[in-house]
Amino acid sequence: MTDSNAPTSEPSNYIRDIIDEDLKQGRHGDRVVTRFPPEPNGYLHIGHAKSIVLNFGIKRDYADRADTRCHLRFDDTNPETESVEYVESIKEAVRWLGYDWEEHLYHASDYFEQFYDFAVVLIEKGLAYVDSLDEAEIREYRGTVNEPGTASPYRDRSVEENLDLFRRMREGEFEDGEHVLRAKIDMASPHMILRDPLLFRIKHAHHYRRGDSWCIYPMYDFAHPLEDAIEDVTHSLCTLEFDNNRRVYDWVLENCLDPDDVDDRPHQYEFARLNLTYTVMSKRKLLQLVEEGEVDGWDDPRLPTIFGMRRRGITPDAIKSFCRDVGVTRTESRVEIAQFEHAIRDDLNEKAPRVMAVLDPLKVVVTNMDEETAPLEANHWPRDIDREQMRPVPFSKEFYIERDDFREDPPEDFIRLAPGREVRLRYGYFFTCEEVVHGADGSVAEIRGTIDPETRDGTAPDGRSPRGTIHWVSADHGIPFEARLYDRLFDIPAPDAGETDFREHLNDGSLVVQNGYVEPSIRDLPKDQRVQFERNGYFWQDPSDSTDDHLVFNQIVPLRDAWTEDDDTIDLEEKRREKERQKRLNREKSIANKKDHAETLDADERDRFVRYRDELGLSPDDAAIIAGRDDLSDLFEAVVDRGTDAQLAANWIVNELLALAKATPVDELPFDADDFARLLNLIAEDEVSSSGGRTVLEVIAEQGGDPEAIVDSKNLRQIDDTDKLRAVVQTVVKDHPEETERYRGGKKGLVGFFMGQIMQRTQGSANPETARELLQEELAG
RNA sequence: UGCCCAGUAGCUCAAUUGGCAGAGCAUCUGAUUCUGGUUCAGAAGGUUGAUGGUUCGAGUCCAUCCUGGGCAACCA
C-alpha cells in the first residue's frame, strides 16, 4: 500500500548517481537541466512515459538541491514525417501524466539558423565538407563492419569551395540528394558512426512549422547535441540504441562549441527502453495494428499507448509508480505485465468505491418472499479502508448473480452457490438454492430458492456463517450496461521477438463484450469515477462510448484471483530447469574455446613471453599479457632488474596497474620504474599490506611521488605488532555484540564484516593475516 | 569477422564502491476478512553467465571465453 502521491524517497539509479556526483563537483554549477525530446511523428506510449517520468522526475526531485528545469522539446528536423497533430497530442499526453514544462517549450526547427552557423564553423575548421556522391555511393564508400571505408573523392575540397557549395545548397540551387554536408572524422574508424557522418541533407519539403523557408535539414547526429547545448541542457538522457551515437554527440560539441563552453557542455547518458510482456512497443508495429484495424484506433484500451491507457482508465499515478518500480538501468529487459497490473491495482484499491455489477447474469428467484423489502444499506468502502459513504442497494424477489458463481456439480474447493447450498448475498440475506431450472438446451436457465429473513444484516442469529459471499443485482432495479473486458493483446510473452510475424500472435480474446446489470447507485457517482465492481475488477465508463442511455464500462484491470484453475507453477519450474540447462551449455562452450594468449603475439613478443614463462616462472597468462605490451614489458623488466621478485611484479602489473592504465600507456604515468620498484619492495618486505600498496599505487599513478613518503604521510605502514592488533580486534568485537552473537550462531560470513571494521580502524594498515587469526581466536570466545 | 553495450532469485532492480548477497513483483503456506480482493505473518526460490588469477577477503579488480543486444538510413 503505497501512496503514489507522497514524496516517497526516490530510488536511486545510475543516472541519479551521476547527477549527484556532478552536483558535488559543481560540474554545471548548481544546474540540473533535462529534456524530453520527442519527434512529433507518432503517438506516445508507456515507453515514452518512462522517459517523461525520468526527466521530469529529476527536475522535481532535485528542485530542493539544485536549479532544475525540464524542457519539452520537439525534435522536428525531418519535415516528411512530422505534423502539428502529433505535437498537440504529445503535449496533451505529457500534461495528462501531470507534468508541466512551464515556459520551456522548444522546437529544434527554431534552431535551423544556428545549426547552419555551426556547420559553417566546422567547414571553416576543415572539419566538414560537401560530398557529391549519391546515396548508394556513400553507402558503398562507407565500408562494412569488417572492412574500413574509403575516402570520398570530394573529401578534400577547399574550405572556400565547401563554403560556397553549402551556401548554394541552402539557396536551393540543387536537387534533393545532389550534395550532402559531412563531418570529416575517420573513414577507417572501427566505429561505423564515425565514418564521416552526414550533417545536412537537401530536402525540398514543406515543414509543418517553417514552411518552405528551408530546403536543407540537419541530421539527428548533428542537430541533437546542438539542441541540448543551445538550451543549456546538462544531462541528456536517451535510450540504449543511441549508445554508438554518443561518439558523434561528443565530437560535434567539442568541435562546434566555443572552447570556454566545452567544460560544462551537455553529456549524453543512455538507459534501457521499457518493454512489456504480451505487447509490442515500437511505433511501427503500433501503427500497423491501428492501420490494419486490429485495434480500434490509437486510444484502443488494449494498446500500451498513453491515450489507450487513459481511455482504459489507468491513472497517471499508477503509470508513474510503475515506472519508479522498474527503475532505470542499462540492462535490456522485458517487464512482466503482472508488475504493471500490480501498480494499477495498488493505485485503484484506495481510489475506487465498491459497487456491485453482474457481468454474465443468471436469474435467481426467491420463493419465500412476495413483496419488495426496503433497500439494503451498504458502504461504498470495505472495512479495511477507513471511509464511510453509504448508499441504498435495492433488493427484490428476482435478482441476478454471476453465472460463474453457480455450479450444479461443484468441485471440492468451490465455496459459492450449488444445489442445496447456502451462500451470503453481499450486504444482504443468506440464500439457499433449492431448485435449478434448465433451458431447452440443457443449460441452467434459472435458480430458485429461499432467503433466511433473519439474516438481512448479513449475520445469522444462530451464528452460522456461509463459506462464500457472492455479489448480485436486483432484477427490478439493475441498470443494463455493456462491459468491455480486456486481456493481453498477444498470446505469447514476446510477440516481437521470434521469427514469425508478430500479428500471428494476436490474442482473439483480447476484447470480450458482455451485457450485464449494475446497481442503480452508479448513477449517483460522477461519470468519470473509477469503481470496483466487487469480485470483478476495476472499471470506469468508456469516455467516448458511454452514454446515459447506454452505459459502457471498461475493465481497467481484473482483481487478483487466488482461485484459478490453471496454475503457472509448472511453468516456473520449467523455466528454472531451462536456465540451468543453458548455463551448463554455456560453461562447456566457454571452457572449450579458451584462447591461448600466446597465439596472437608477434615474434619479439613471443620471445619475451617464452623468457617470462620459462626463465622467470610466470604463468602463461601473466607472461602473455605483459609480453604483449611494450610499456608493460619495459616496466616489468626494469623492476625485475632492480631485484624485485618476478611473480610479485607480474601480479601487481597485471592485476592492479592494468586497471589504472587501460587506456594510457604506463610510461605516460607520473612515476618511473624506480618508484614502482620501491613500492613493490615495501610490499615484499611486509612494510605495507597489499591494500596499503594499492592505495600508494593509486596515488603515484595519479600524481606521482615517493612511495615511502606516501606510506608515512598516509600512515600506511603495516601493523604487525600482535599485542597492538589484538587490542583493535578486541574493541571491534566488543563494539558489535549483535554481530558476534550471529557469528557464533553460525553466520560465518560475518568475518568479512569484522575484518572490514578492523581495516577501517587501522586505515588498512593491519597485517590482514595476523588480524584474521586474532579475530578468529577472539570470535571463538 | 571489427567496434560498442549488457549479464545478480522465474521477472524488474539493490548491494555503503573490495567486507553479512537483499527488496518489490510472481509462486506457495498461514492469519484476518460479509470481495477467493485488501492487509498482516511466513516459506520457497542464488555456483552473482563460465573458467582461471590477484587478495586475509571478489557480485565488485585482472585475463580469457560464453550468451544476448546495438552499429554499415540522405530516420530519430
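Numbers restart at 1 for each chain; the letters A, B, ... are given by sequence-line order, proteins then strands. Please read these numbers as outputs of a predicted model, since none were measured by experiment.
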Subject >> Atom of A:Glu350, atom of A:Ile385 and distance for their closest heavy-atom approach >> reply: CA-CD1, 4.1 Å

**OP:** Please measure how far the C1' atom in B:G46 lies from the corresponding atom in B:G59, and state the result in whole Å.
**Re:** 11 Å

Original post:
Starting at the 5' end of RNA chain B, which residue's closest nucleotide do you reach first, A:Phe200 or A:Asp622?
Top reply: A:Asp622

Original post:
With no hydrogens and no angle check, do the side chains of A:Gln647 and A:Asp645 hold a donor and an acceptor under 3.5 Å apart?
Top reply: no

Original post:
Syn versus anti for B:U17, judged by chi lying within 90° of 0?
Top reply: syn

**OP:** Identify the heavy atoms of A:Glu519 and A:Val393 that sit nearest to each other, and give their distance.
**Re:** OE1-CG2, 3.9 Å

Original post:
Counting just side-chain N and O atoms, does A:Arg587 come under 4.0 Å of either OP1 or OP2 of B:U51?
Top reply: yes

Original post:
Using the C1' atom in both, what is the distance from B:G18 to B:G2, to the nearest Å?
Top reply: 34 Å

Subject >> Non-hydrogen side-chain atoms of A:Lys283 and A:His48 separated by less than 4.5 Å >> reply: yes

Original post:
Regarding A:Glu402 and A:Asn536, is there a side-chain donor-to-acceptor distance under 3.5 Å anywhere?
Top reply: yes

Subject >> B:A73: syn or anti, per glycosidic angle within 90° of 0 >> reply: syn

**OP:** Look at A:Lys583 and B:G7 and indicate whether a side-chain polar atom (N or O) is within less than 4.0 Å of OP1 or OP2.
**Re:** no

Subject >> With sequence neighbours excluded, residues passing ring-ring contact (aromatic ring centres under 6.0 Å, His included) with A:His736 >> reply: A:Phe753

Subject >> nucleotides 12-19 of chain B: protein proximity per nucleotide (B base, S sugar-phosphate only, - neither; heavy atom, under 4.0 Å) >> reply: SSS---BB

Subject >> Nucleotide B:C62, atom P - distance to CD of A:Gln647 in whole Å >> reply: 18 Å

**OP:** Please work out the stems of RNA chain B from pairs that are Watson-Crick or G-U wobble with both distances under 3.5 Å, keeping only runs of three or more consecutive pairs.
**Re:** B:2-7 with B:66-71, B:10-13 with B:22-25, B:27-31 with B:39-43, B:49-53 with B:61-65

Original post:
Taking all non-hydrogen atoms of both residues, which atom of A:Val130 and which atom of A:Phe166 are closest, and how far apart?
Top reply: CG2-N, 3.9 Å

Subject >> Most 5' of A:Leu648 and A:Arg246 on RNA chain B, judged by nearest nucleotide >> reply: A:Arg246

